[in-house]
Amino acid sequence: MSAVDEKKEQPILQELLKHVKTESKSGIYSCLVRLKNEPKCYKQFAKDGGLGILVNLLRCHNLKILNMTLSILANACLHSDAREKVRGSKIAVNVVSVIKYIKLESTLHCRACRLIGNLSECDWHAKSLCNAGAIQAIVDLLQLDTNMQTYLMSVRAIRNIWSIYEGSREEILETGIIRRITGLLIMAVEKLETSTRTASELIEICLKAMCAFLVGTLDLRVGEQIQGEKDLQGYRCIVRCCGMKNKMAIKCLYNLCQIAKCRPLLGNSGAIESLIILIRDRLELCEETLASLCLFCWEAVNRARVRMGSGLELMLSLLQNSQYEKYHPLLLHALAQFVYDDPSIEIMVKNGLLDVLITRLKKMVAEAVSNEQAKASKKRGNESPPNRQTEFKYNKTSLGRYSLDYYRDDWSPSSATSVSSSPPSTPPLPFYDSVENDENTEDNYSPVCSDTEFMDNEDGSLKINATRFSKISIKSFTFAFRSTVIDLSAEPQEEVESLKSCKSVTAEVEEPQNSEKGNKSSNCEYASVWTLVLLSRLSHSNDPIERLADSITIEPLSAYIRHAKHPKASRILTRIIRNRAYLMPLLKQGFVFEAQTLYGSEQYLRQLCALAETDGAIGELTSILLRGDETHKLVIAVSIPFLIKSRYILKSLLDNYGGMPLIFRVLSDRQHSLYENAIWSICRLADTLQIQPETIDKCQIADTASTDFPRVYDNHPKPATVTFELDDGTTVDACRHTLCQKSDAFSAMLEGNFSESGKKRVKLRNTSREGLNTLLLAANGATFENRTIESLLDAALLADKFLMNDVSDVLTESLISKLNYQNFSRAWNWAKNNACHELKSCCVKIFLTATMTNSERIQAFQDFSSSGSFREFLNEVRQIINSVLCQG
């Protein structure tokens with residue numbers, strides 16, 4: 001066996017130790033070459049604990065040995081097991097010494113920085129390196145004019161130390177190394193035209209470091225150092241890189257935008273225009289670009305740039321595209337910052353803001369219905385305690401303000417200074433909406449709700465979360481920034497491999513903790529808040545907004561109020577109703593009928609009535625009744641009784657200008673769409689005219705009574721029971737003594753000088769069996785509440801016929817109390833058939849004025865319409881109303 005083969009078989013650890021003892025530089029170097037080039041050899045060497053020898057070799061003054069040692073250790077420390085093996089050694093002190101004391105050797109410096117970067121992947125080593133002065137050493141190194149690879153490794157080392165060991169951050173900030181890294185970025189951007197590949201590598205590593213410095217801290221000092229030495233060169237370079245679709249630059253810009261004091265300077269650097277171009281041309285449409293643009297909407301100076309750069313049109317186009325629905329809450333929030341800027345509102349209205357809000361309202365209605373169903377299901381299942389109320393509180397990380405630089409300023413569009421083309425530098429904090437419908441406070445309106453978010457509970461109250469915080473965390477857009485793989489091919493090659501293979505932990509953001517379902521629900525609530533804010537602003541506009549009062553808007557808004565009972569939505573509708581310009585569009589769509597069914601209906605009707613009785617409105621109503629479209633004529637005619645309280649105006653519109661015939665035309669057509677509303681309307685008119693039913697007494701239902709009994713001349717024995725034989729052949733037995741006591745007529749008939757006297761069987765004409773039985777029950781003081789209305793009416797008629805005064809009073813009182821929506825028509829038809837005209841009129845008046853639900857009123861009217869005398873009933877209703885309407 002040759003000497004060379006023997007040498008190879010000898011364990012390299014022992015060989016290296018022997019050369020170290022003999023101080024054989026050539027032997028040491030030879031062993032190091034084998035360790036670097038032979039993986040199996042290195043593996044055994046590390047297993048045998050040889051890394052400690054390499055750490056000691058870092059103190060060697062031979063540059064070749066030192067260079068090779070740094071390379072081997074740097075490669076080894078890519079792996080956590082190697083970093084663990086050198087823990088507790090003096091590797092931190094030794095590698096920092098290389099940078100500090102070996103001058104003008106860029107390759108060694110590069111390898112030393114690479115080793116520092118790899119070691120810094122471990123918290124313990126990062127701390128040791130800081131204690132050993134690694135940060136200042138790298139700061140000093142970056143002041144030198146060195147090669148590109150050294151810059152790359154130095155920036156990476158600082159980035160890893162910052163990310164892994166928080167205790168290093170103050171020192172890094174104080175040394176100003178971030179400013180130096182910004183200078184490297186500026187230099188690299190300037191060299192892009194001459195040295196594209198090398199400059200691109202440096203740009204990428206600098207941007208990645210800047211993202212690391214910003215993520216999780218958002219420290220203003222970081223933003224100031226990234227700004228650059230002069231003329232905002234650092235910001236301008238980042239913006240320029242964004243224009244080249246550099247993902248790290250976009251992330252860096254997004255992080256900078258979250259620092260409030262940096263945004264005006266970023267706006268001056270062209271960031272807004274660059275973002276608009278990127279998004280508009282779909283070059284880089286992502287969460288960061290949209291979120292950054294939305295953040296720029298928080299300052300007046302930047303809002304002006306967004307407006308002039310067609311940013312509003314861009315955001316509205318995205319809101320109109322369902323493909324980008326996940327971004328809609330963020331975009332709505334951004335648009336809400338422009339609510340006190342009239343030029344911006346005009347631009348948004350022209351570009352489809354109302355369409356966006358209508359679409360959102362429809363979704364809000366669907367969500368409110370779904371929530372109602374879920375609550376009902378939960379209640380049926382008894383899954384929650386009966387007294388427990390579910391209240392919604394916004395997570396402050398999803399709806400909070402972006403920074404602490406804003407002050408409280410309650411804003412109202414009615415104020416002289418609230419709207420201007422040059423809005424204030426910071427948007428106002430929100431006004432807390434009161435749940436009370438106080439007209440004096442409705443205009444105390446704040447369009448922006450941020451650090452005091454509100455939401456109504458099930459009981460209609462609002463919960464306020466007034467916690468401020470200094471950082472934005474957009475719940476629906478939590479970004480996990482992954483490190484970008486950089487392909488470097490320049491020497492030294494192992495540094496390139498290190499940079500490729502080392503997993504970057506510096507540019508990652510925490511994953512959202514809540515479930516996807518929870519996030520989606522919160523995002524919906526979040527979007528709903530800003531939808532109402534924007535819609536509220538439109539309702540405050542002095543000039544009418546086209547289609548704001550059309551059914552396409554009012555219907556979903558009304559449906560949302562009905563299902564969600566949201567006080568802010570109610571106030572929005574109230575402001576729309578209060579605007580004189582919207583009265584006729586509302587009336588033509590039949591809103592007055594919808595208003596009756598809504599939460600807060602009294603307030604809506606009060607506002608409508610106040611406007612409808614003005615001279616201008618009366619003129620318009622008259623014009624529609626005389627010359628309007630047929631459909632509008634009918635809607636207006638049926639609406640008038642809900643709107644007008646003045647009898648004089650009612651007479652003018654309904655009698656003089658033909659409103660009444662129109663109402664009765666609808667009432668006679670059961671298939672008409674306004675049929676049910678017309679029933680409601682005619683009853684409301686009767687109530688307004690204060691029509692009252694007359695008091696029914698026994699004489700009013702006794703028109704057909706007769707007391708002409710035949711007389712006889714002899715007396716006969718008088719049995720105790722008398723049997724009455726009726727027209728249909730049926731018989732009814734009664735106590736003779738009771739009848740004679742209760743009735744003079746029966747006394748004369750059964751005990752006087754009449755032919756029936758003393759007979760056991762007596763014929764009674766024009767008498768119903770049910771009526772006679774009811775009469776006998778009443779006469780005997782028995783219970784008769786379960787008798788039909790017809791039997792009570794027949795019995796009352798018989799009581800009057802047979803002069804049973806006391807019984808008649810009891811029966812009359814009972815039948816009047818028994819009149820309801822189920823028997824109005826039957827009582828009216830009985831009165832008509834029995835020629836009881838006062839009772840017939842009384843039934844109509846009670847129907848018109850009785851307290852009933854709308855469904856009960858409709859059922860009662862349909863019972864009338866189902867009878868053969870419906871037209872006579874309608875004529876009687878019309879006569880009763882006209883008689884009161886035309887008085888005086």
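The analysis underlying the following values was restricted to heavy atoms, covering all of them including side chains, and did not include hydrogens, waters or symmetry mates.
- Between the side chain of H125 and the backbone N or O of R83 there is at least one donor-acceptor pair closer than 3.5 Å.
- When only modelled atom types and interatomic distance are considered, R305 and N268 share a side-chain donor-acceptor pair under 3.5 Å.
- A donor-acceptor pair under 3.5 Å links the side-chain atoms of S163 to the main chain of R159, judged by distance alone.
- At least one donor-acceptor pair closer than 3.5 Å links the side chain of R236 to the backbone N or O of D231.
- Nearest heavy-atom pair across E171 and Q136 is OE2-N, 4.2 Å.
- Of the possible polar contacts, none joining the R114 side chain to the M153 backbone as a donor-acceptor pair under 3.5 Å is found.
- You'll find the side chain of M210 reaches within 4.5 Å of the side chain of L185, heavy atoms only.
- When all heavy atoms of C257 and S292 are compared, the pair lying nearest together is SG-CB, 4.0 Å.
- Between the H328 side chain and the L318 main chain, a donor and an acceptor come within less than 3.5 Å of each other.
- Remark: side-chain polar atoms of R221 are not paired, donor with acceptor, to backbone N or O of L173 under 3.5 angstrom.
- Put simply, the side chain of T182 gets close to the backbone of I178: a donor and an acceptor are under 3.5 Å apart.
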Stepwise, does the salt bridge (Lys or Arg N to Asp or Glu O under 4.0 Å) test hold for E15 with R34? CA-CA 11 Å; E15 183 181 347; R34 285 180 61 197; 3.0 Å; yes
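- Ring pair Y324/Y327 is parallel by interplanar angle, where below 30° counts as parallel and above 60° as perpendicular.
- With hydrogens and angles ignored, the 3.5 Å screen pairs a side-chain donor or acceptor of S120 with a backbone N or O of I116.
- One N or O on the side chain of W162 and one on the backbone of A212 form a donor-acceptor pair closer than 3.5 Å.
- Ion pairing between E201 and R197 holds under the 4.0 Å rule for side-chain N and carboxylate O.
- When atom types are taken as modelled, the side chain of N302 and the backbone of W298 share no donor-acceptor pair closer than 3.5 angstrom.
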